[in-house]
Amino acid sequence: MITKRSMVKALLAAEEPSPRVRVQGWVRTKRDSKAFSFVEINDGSCLANIQVIVDATVPDYETSILPLRTGASIEVEGELVESQGKGQKWEMVAKSVIIHGNADEDYPLQKKGHNAEFLRSISHLRPRSNLFGCVFRVRSRLAYAVHQFFQQKDFVNVHTPIITASDCEGAGEMFQVKTLSGGTGDNEKGSEEFFGKPAFLTVSGQLEGETFACALSNIYTFGPTFRAENSHTTRHASEFWMIEPEMAFCDLDADMTLAEELVKYLVCDVLENCAEDLELFGKFVDKGLMERLHFVRERSFERVTYTEAVELLEKSGVKFEFPVEYGANLQSEHERYLTEQHFKCPVTVYNYPKEIKPFYMRLNDDDKTVAAMDLLVPGIGEIVGGSQREERLDILKGNMERDGLKEEEYWWYVDLRRYGSVPHAGFGLGFERMLMFVTGVANIRDVIPFPRVPGWAEF
RNA sequence: UCCUGCGUAGCUCAGCGGUAGAGCGGGUGACUGUUAAUCACUAGGUCGUUGGUUCGAAACCAACCGCAGGAGCCA
């Protein structure tokens, strides 16, 4: 009878020895003696490896086991016993070993640490490293927690389109989608657009999300978005995932509360469910990580209006490279000062001057500011951007005219203000930025399995 | 797009005007309940590319290419 496969995670958490278990995984390191070998196997179920003792009497020892190199895939059946050595509680004594595939001599992953830049060039192998195994386990858990958060609150998950014909926000920097021939693929109609008009990869599902909120009340999207910005920073990628809730009968205040709750929920969830992985980040990636995460869990976030933020910055006495000026966007260094120096915790800045924000944000009664908000976190800066949406038809139309947007192209969006318009609000949370925040990983390219940035789309 | 820095062995780096080095990784052997094992031996390089300066360039200069960091834009 074939013994059922056990994952390494389960074996290491065993409460008692077991006469017959089977593991399948990849060799992380091997140390040979005269009479036996220590082989450490990892199967990705957790950070730790299981140590296997393979005695020289095991069949094919000299021909199969001795030539094994780091990276080889093997399967071991044997006994789970308490370890005689220090460093691990459990280990396996092999009875039989199957080599699925040895690794060539030039397997690039060493037992020693590699830097992130090199590992990025071998994205197909880096999940086999300790660091990236941890990162992508946490990424999976975080995605799960996002759905859990919203589902518990009865939000409806909407799959907004990835190909879109509306250029949301007039952002401009989009990828165009077309066929190789540029047309429908039909020779006679070769000059026609496949979709009848220019189409793009979405930069946001917000506008479509609003239409669903105006029917199902509370909705959220969670999917890939694309920006053709020629950005070269540690916080930008051409393809990234975004979470965008949208709520009908909702104002900015409730919007900010939801954003704060979400960030806090995700931090708590990861602290609870990814403890081992976080420990590695705290040790090797970001020494201050655990302190920061506990801080976020314990304390409440701060809120300041844009006007107050500008005053704080002016009174700070700090010499910024770019001067603080009412009416201008806050610079990265300003945001960093607020969240890292002044408040030393996540901060929500709200009510921005209308001139620096897009057409769909709701005009406040002061006629100068809009009900917009940015949630800033230490180390990363903006992690959430959101607003209450302009639900008044005349004002929305005025904004569109001001920004040079054609009403015909947004007819369906404008319709929402004609048929049962309601106050509504939402925000976008950058999934990868959240992941960077909870792991301490400094570069967005290292929290995406196969990152796409200008000049790089390998794999 | 702008600004700065860096490209030397598979990896991490030293060499900074006199002709190629170390550690790790690989190979071979020894030894050991080992655990980033240890010890010995060994293979491995158009010093990013092109051009220039020089008796001589990995080193100095220029252009280009690539990468990284910062800015802007944002999530």
Side-chain angles (χ1 to χ4, degrees), chain A residues 28-40 48-55 66-67 69-71 81 83-88 91 93 103-122 125 129-130 168-169 171-173 203-206 222 224-244 259 284 320-322 328-336 356-358 374-377 380-386 427-437 442-448 453-456 458:
Chain A
R28 276 296 177 79
T29 166
K30 179 169 73 84
R31 296 173 291 275
D32 299 315
S33 297
K34 203 166 215 167
F36 54 88
S37 299
F38 296 100
V39 184
E40 290 201 34
N49 310 320
I50 188 153
Q51 173 167 289
V52 179
I53 288 91
V54 185
D55 196 86
L66 280 183
R69 278 180 288 262
T70 302
V81 299
S83 179
Q84 298 172 29
K86 291 171 190 167
Q88 62 280 319
E91 65 188 19
V93 178
D104 285 356
E105 289 161 18
D106 56 357
Y107 183 67
L109 286 169
Q110 299 179 18
K111 292 173 247 178
K112 283 195 168 189
H114 292 288
N115 65 33
E117 204 177 318
F118 170 67
L119 290 169
R120 226 172 276 151
S121 71
I122 50 167
L125 297 174
S129 68
N130 284 340
C168 177
E169 312 175 27
E173 308 293 341
V203 295
S204 163
Q206 180 199 315
F222 184 10
T225 48
F226 307 86
R227 302 280 164 91
E229 287 284 347
N230 192 15
S231 305
H232 295 265
T233 80
T234 52
R235 309 178 304 283
H236 292 86
S238 307
E239 176 180 341
F240 63 99
W241 283 54
M242 198 154 54
I243 296 135
E244 295 181 286
F284 298 113
F320 294 107
E321 195 189 333
F322 295 92
N329 260 313
L330 295 179
Q331 303 281 326
S332 288
E333 55 175 341
H334 302 150
E335 297 182 345
R336 224 176 298 126
I356 57 175
K357 289 294 179 184
D374 286 344
L375 174 52
L376 315 175
V377 296
I380 292 166
E382 186 179 340
I383 198 169
V384 166
F427 61 82
L429 168 71
F431 182 61
E432 282 82 8
R433 289 195 181 169
M434 187 66 209
L435 195 51
M436 290 165 76
F437 184 62
N443 195 313
I444 197 166
R445 282 165 274 199
D446 298 329
V447 297
I448 300 177
V453 294
W456 181 261
E458 191 66 63

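If you're wondering where the values come from, they're calculated on a predicted model, not measured in any experiment.
When distances are taken from the side chain of Trp456(A) to each of C67(B), U34(B), C74(B), the shortest belongs to C67(B). Side-chain atoms of Phe36(A) lie closest to G33(B) of the nucleotides U12(B), G33(B), A75(B). Candidate nucleotides A37(B), G33(B), U12(B) were compared by shortest atom distance to the side chain of Thr29(A), and A37(B) ranks first.
Checking A43(B) for Watson-Crick or G-U wobble geometry (two distances, each under 3.5 Å) identifies no partner in any strand. When both distances must be under 3.5 Å, the Watson-Crick or G-U wobble mate of G7(B) is C65(B). C2(B) is paired with G70(B) under the criterion used here, namely a Watson-Crick or G-U wobble arrangement in which both key atom distances are under 3.5 Å.
G52(B) and A57(B) are spaced 11 Å apart, taking the C1' atom of each and rounding to whole Å. The C1' atoms of U8(B) and A14(B) are separated by 10 Å, rounded to the nearest whole Å. With both ends at atom P, the span from C61(B) to U4(B) equals 15 Å, rounded to whole Å.
Residues satisfying the ring pair (Phe, Tyr, Trp, His ring centres under 6.0 Å) criterion with Phe38(A), sequence neighbours excluded, are Phe36(A). Contacts of Ala103(A) classified as side-chain contact (heavy atoms from CB on, under 4.5 Å), with partners at least two apart in sequence or in another chain: Tyr107(A). For His236(A), there are no ring pair (Phe, Tyr, Trp, His ring centres under 6.0 Å) partners at least two apart in sequence or on another chain. Every residue two or more places apart in sequence or in another chain that forms a side-chain contact (heavy atoms from CB on, under 4.5 Å) with Pro67(A) is listed here: Asn102(A). Remark: Lys30(A) engages Asp32(A) in a side chain to side chain donor-acceptor pair (under 3.5 Å) (not counting sequence neighbours). Residues satisfying the ring pair (Phe, Tyr, Trp, His ring centres under 6.0 Å) criterion with Phe431(A), sequence neighbours excluded, are Phe222(A). Every side-chain contact (heavy atoms from CB on, under 4.5 Å) that Glu91(A) has, sequence neighbours left out, goes to Gln51(A), Ile53(A), Val81(A), Ser83(A), Gln88(A). Taking the side chain to side chain donor-acceptor pair (under 3.5 Å) definition, one finds that Asp55(A) meets it with Thr57(A), sequence neighbours left out. When the ring pair (Phe, Tyr, Trp, His ring centres under 6.0 Å) test is applied to Phe118(A), the partners found at least two apart in sequence or on another chain are His114(A).
Between Arg445(A) and A68(B) there is a side-chain N or O to OP1 or OP2 distance below 4.0 Å. Of the side-chain N and O atoms in Asn443(A), one or more sit less than 4.0 angstrom from OP1 or OP2 of G69(B). The side chain of Arg31(A) contributes no N or O atom lying less than 4.0 Å from OP1 or OP2 of C31(B).
In this structure, CG of Asp446(A) is placed 12 Å from C1' of A68(B), rounded to the nearest angstrom.
Interatomic distance, CZ of Phe322(A) versus OG of Ser332(A), reported as 9.0 Å (0.5 Å rounding).
The residues Lys357(A) and Asp374(A) are annotated as salt-bridged, a charged nitrogen and a carboxylate oxygen being separated by less than 4.0 angstrom.
RNA chain B is contacted by both Gly87(A) and Thr234(A); Gly87(A) maps to the nucleotide lying nearer its 5′ end (nearest heavy atom per residue). Both Ala442(A) and Ile53(A) sit near RNA chain B, but only Ile53(A) has its closest nucleotide nearer the 5' end.
A side-chain donor from one of Arg28(A) and Asn130(A) sits under 3.5 Å from a side-chain acceptor of the other.
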Check: protein-nucleotides 47-50 of chain B nitrogen or oxygen pairs below 3.5 Å:
none

Produce the list of close N/O pairs, under 3.5 Å, pairing protein atoms with atoms of nucleotides 71-73 of chain B; give distances to one decimal.
residue	atom	partner	partner atom	Å
A71(B)	OP1	Arg336(A)	NH2	2.7
G72(B)	OP1	Gln331(A)	OE1	2.3
G72(B)	OP1	Ser332(A)	N	3.3
G72(B)	OP2	Ser332(A)	OG	2.9
C73(B)	O2'	Glu229(A)	OE2	3.2
C73(B)	O2	Ser231(A)	OG	3.1
C73(B)	N3	His236(A)	NE2	2.8
C73(B)	N4	Arg235(A)	NH2	3.4
C73(B)	N4	His236(A)	NE2	3.1

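Contact annotation for Gly455(A): backbone-only contact, meaning every heavy-atom pair under 4.0 Å involves sugar-phosphate atoms and none involves a base. Asn49(A) comes within 4.0 angstrom of no nucleic acid atom, judged by non-hydrogen atoms across all strands. At the heavy-atom level, Phe240(A) lies under 4.0 Å from base atoms of the strands shown.
Between the side-chain ring of Phe431(A) and the base of A75(B), no stacking contact exists by the 5.5 Å and 30° definition.
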### Summary
Reading nucleotides 23-29 of chain B from 5' to 3' and marking B where a protein heavy atom lies under 4.0 Å of the base, S where only the sugar-phosphate is that close, and - otherwise, the string is -BSSS--
